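Since the structure comes first, as structure tokens, the remarks are kept for the end.
Below, chain A is the first sequence line, B the second, and so on; all start at residue 1. Note that this is a predicted model, so its numbers are computed, not measured.
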Amino acid sequence: MIGTFKDILARSKETGVRKRAAIALPDRRHLELLDAATQAGLIIPVLVGDGKMLEALRKGTGLAASDWRTIHEPDPGQALSRAIALVKNKEADILVQGGTDHQSFINQVSDAKTGLMNSRLMSYVSLYQLLKREKLILVTDTYMQNQPSLTDKQLILEHALRLAALLEIPRPKVAVLAAIEQVNPSIPSTLDAAILSKMADRRQFGDIILEGPLDIDCALDQNAAARKGVHSEVTGNVDIYLTPEMDTGYLLAQLLVYIGKMQMAGALMGTSSPVVLDLPFVSAPNKVIEIALAVLLACKGGIHE
Amino acid sequence: MIRTLDDVSKFAQDKGPKKLAVLAPEDGEFMLAVKKGWEAKYIEPVLIGDPEKMKRVAAEVAFDISGIEQIFETDRQAVANLGTAMLFAGDVDMASKGQIPTSYIYRAIIKEETKAGTGRTVSVISLWEVPELKRLTAFTDTGVNIRPDLKAKIEVVKNALFLFHILGYDRPRIAVLSGKREIGGTPGSFTDAAALKRMADAGDFGECEIIAATSFGEIFSGSGGTLQNDKGIDISRLPDILVVPNLDTGNVLCKLDFFLPVHRRSLVMTTRGPFLIPSRSDFCESILGEIAMGVVVAELRKGVGNR
């Protein structure tokens, strides 16, 4: 089992193959990230943009020209589509977000013809390293879907389960979060949670244990749950937290980082090859972890296909 | 100004005891907290609930309740109604939920507010003490309104401001939270945030400031700011009041005290005094702290009137 960010890095290095990471229009900060990931033995960067500008940027870093490849694309409006095409044509293994704004980046990645999506939707999983023991927890969806329907939540869960499998989490324990632990028809999130719970009982998600609805105190603390009459293997030992919608997911993901001071790295799911987003609330060292995770995902091709 | 939970207990010791109606103290943790609150002279309790259960748990925590005022009632809604009516009649200074689902309490409070003709929207304020932050911060509404519209959020803001003003925060900073991010358009929660900010800027809420940031990323890094490492996080940027977009978000965030080194105290500011809303899963220390918070609020609201 992979229990820490260090493990992700170590496991990624162990694969022994550098993956080709395509990036369009990188700026200095992106190059520093690619530099760190290259030094760590994870990737060979493939830079797409104006050749002269890329070369000037490279000279500011510690890397030799032989460490990377560049694809000369003088038109900034074409750089991202060329980077995506490289990944689509298997000339690169991973797509890393460079200097394209988030909405345009997502739009191009999710384009039905030229993009990289291989699922009906994309979801984002936030991984946190617990402070007190060697365990990674997954929180999802924390970036992509504003108001996921029940069928969307099924896919979001399945995406998270693929990541859990990659991290070798045996028999994942899933908490479907809501405001209360009781099923209340006037709180829609509790209904979705109850249905997912029944589906899991019928083994529609395979070998997992899922509880829902759970409020966060029941999810986090077995004693707290017991006092509310919830008795389950999931309480106090959750691997995957499924959030009700984006207000909750996004704010929860950020609160854990900024107030909880927890380390977070994320993964975009639902694409045929790994895609690494450039989210402002992921610290620079943890972006290297995201690349390491993308390398692992790329190695287990089946995970993404 | 009440800055820490330590301030709260000192103040409660000084200004207690206050009369507290406890609704269904039928669990050891609750009864123990009531016992300790009584011993600390924070409160004179009135216990309302199932006589057998109260007797049993009192014995469990070695609390001799023979000299304590008790009202016997087993029906959950009746317990909630009784305690709430006592608060509104002025028979007690404050009330607290015990081992009873919160929906019964909200129903009873809403009924009494309606009867009193106050038109008050009921909302829950969950105060947090955060390490290294030398003042309290609050999430609201964390308990009542499932999907508050703008009108409800206006009332939620006013309720929280009333509390912060009496706690001595002259010009509270407020963030209206939203899941708005770089992608996904403009969610309703963000539209509400913008509308509330315009109202605050126009002076509609009195002394306060609604800041432009709607997420923790923006609060701590500024718009478009990038997190370099966790040492760069300046906790003093956390606003005093965090208005949550909906019930799911509020409840999930405010109860992270089960995971993070923060402490939570939840209450409803009714027009007749504080109604304490500990979670049914809270433990004794937290409930006792909640009782102390109630004493502080019951004392400070005296003579201030209502919002």
Review item, side-chain donor-acceptor pairs of residues 99-107 of chain B, under 3.5 Å, at least two apart:
{"unit_1": "B:Gln99", "atom_1": "NE2", "unit_2": "A:Arg227", "atom_2": "O", "d": "3.4"}
{"unit_1": "B:Thr102", "atom_1": "OG1", "unit_2": "B:Lys97", "atom_2": "NZ", "d": "2.5"}
{"unit_1": "B:Arg107", "atom_1": "NH1", "unit_2": "B:Gln77", "atom_2": "OE1", "d": "2.8"}

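B:Thr249 and A:Asp247 are not linked by any side-chain donor-acceptor pair at a separation below 3.5 angstrom, with hydrogens and angles left out of the test. Side-chain contact of B:Ser221 with A:Tyr258: a donor-acceptor pair under 3.5 Å is present, judged by distance alone.
Both the backbone and the side chain of A:Asp217 come within contact range of chain B, each with at least one heavy atom under 4.5 Å from a heavy atom of that chain. Only the backbone of A:Gln145 has a heavy atom closer than 4.5 Å to any heavy atom of chain B. Heavy atoms closer than 4.5 Å to chain B are found in the side chain of A:Leu130, but not in its backbone. Proximity to chain A involves both the backbone and the side chain of B:Leu247, based on heavy atoms less than 4.5 angstrom apart. Only the backbone of B:Asp282 comes within contact range of chain A, with heavy atoms under 4.5 Å apart. Using a 4.5 Å cut-off between heavy atoms, B:Phe283 touches chain A through backbone and side chain atoms alike. Interface remark: A:Leu220 contributes side-chain atoms only to the contact with chain B (heavy atom separation under 4.5 Å). Contacts between B:Ile219 and chain A at a heavy-atom distance below 4.5 Å are absent for every atom of the residue.
The candidate with the highest count of non-hydrogen atom pairs below 4.5 Å against chain B, out of A:Gln254, A:Gln147, A:Lys287, is A:Gln254. Between chain B and the options A:Asn286, A:Leu256, A:Thr190, A:Leu279, heavy-atom pairs under 4.5 Å are most frequent for A:Leu256. Chain B forms the most heavy-atom pairs under 4.5 Å with one residue out of A:Gly260, A:Ala219, A:Ala224, and that residue is A:Ala224. Note on A:Met246, A:Lys132, A:Gln182: by heavy-atom pairs under 4.5 Å with chain B, the leading option is A:Met246.
At a heavy-atom cut-off of under 4.5 Å, chain B is reached by A:His102, A:Gln103, A:Ile106 from residues 99-109 of chain A, listed in order of number. Taking 4.5 Å as the heavy-atom cut-off, the residues of residues 122-138 of chain B that approach chain A are B:Trp128, B:Val130, ordered by number.
Tested against B:Asp248, the residues A:Pro213, A:Pro188, A:Pro244 include a single side-chain contact (heavy atoms from CB on, under 4.5 Å) partner, A:Pro244.
Considering every non-hydrogen atom in both B:Lys255 and A:Ala179, the closest pair reads NZ-O, 4.4 Å. Residues B:Leu256 and A:Leu255 come closest through the heavy atom pair CD1-CD2, 3.7 Å. Nearest heavy-atom pair, A:Phe281 versus B:Leu227, reported as atom, atom and distance to 0.1 Å: O-CD2, 3.3 Å.
Note that CD1 of A:Ile180 and OG of B:Ser279 are 11.5 Å apart. Values are rounded to the nearest 0.5 Å. Rounded to the nearest 0.5 Å, atoms CD (A:Glu245) and CZ (B:Arg147) are 5.5 Å apart. For the atom pair OG of B:Ser281 and CD1 of A:Ile216, the computed distance is 11.5 Å after rounding to the nearest 0.5 Å. Note: B:Leu253 CG to A:Thr248 OG1 = 7.0 Å, rounded to the nearest 0.5 Å. Note: B:Phe258 CZ to A:Asp221 CG = 5.5 Å, rounded to the nearest 0.5 Å. The distance from the CZ atom of B:Phe216 to the CG atom of A:Leu252 is 9.5 Å, given to the nearest 0.5 Å.
Annotation for B:Lys197: atom NZ counts as buried by contact number, over 12 foreign heavy atoms lying within 6.0 Å. With a 6.0 Å radius and a threshold of 12 heavy atoms from other residues, nucleotides or ligands, A:Lys135 has its NZ atom above the threshold.
A side-chain hydrogen bond (donor to acceptor under 3.5 Å, both in side chains) check over residues 26-37 of chain A, counting only residues at least two apart or in different chains, returns the pairs A:Asp27-A:His30, A:Arg29-A:Asp278, A:His30-A:Asp278, A:Asp35-A:Gln39.
Using a 4.5 Å heavy-atom cutoff, the side chains of A:Thr142 and B:Arg181 are not in contact. Counting heavy atoms from C-beta on, the side chains of B:Ile183 and A:Tyr143 come closer than 4.5 Å.
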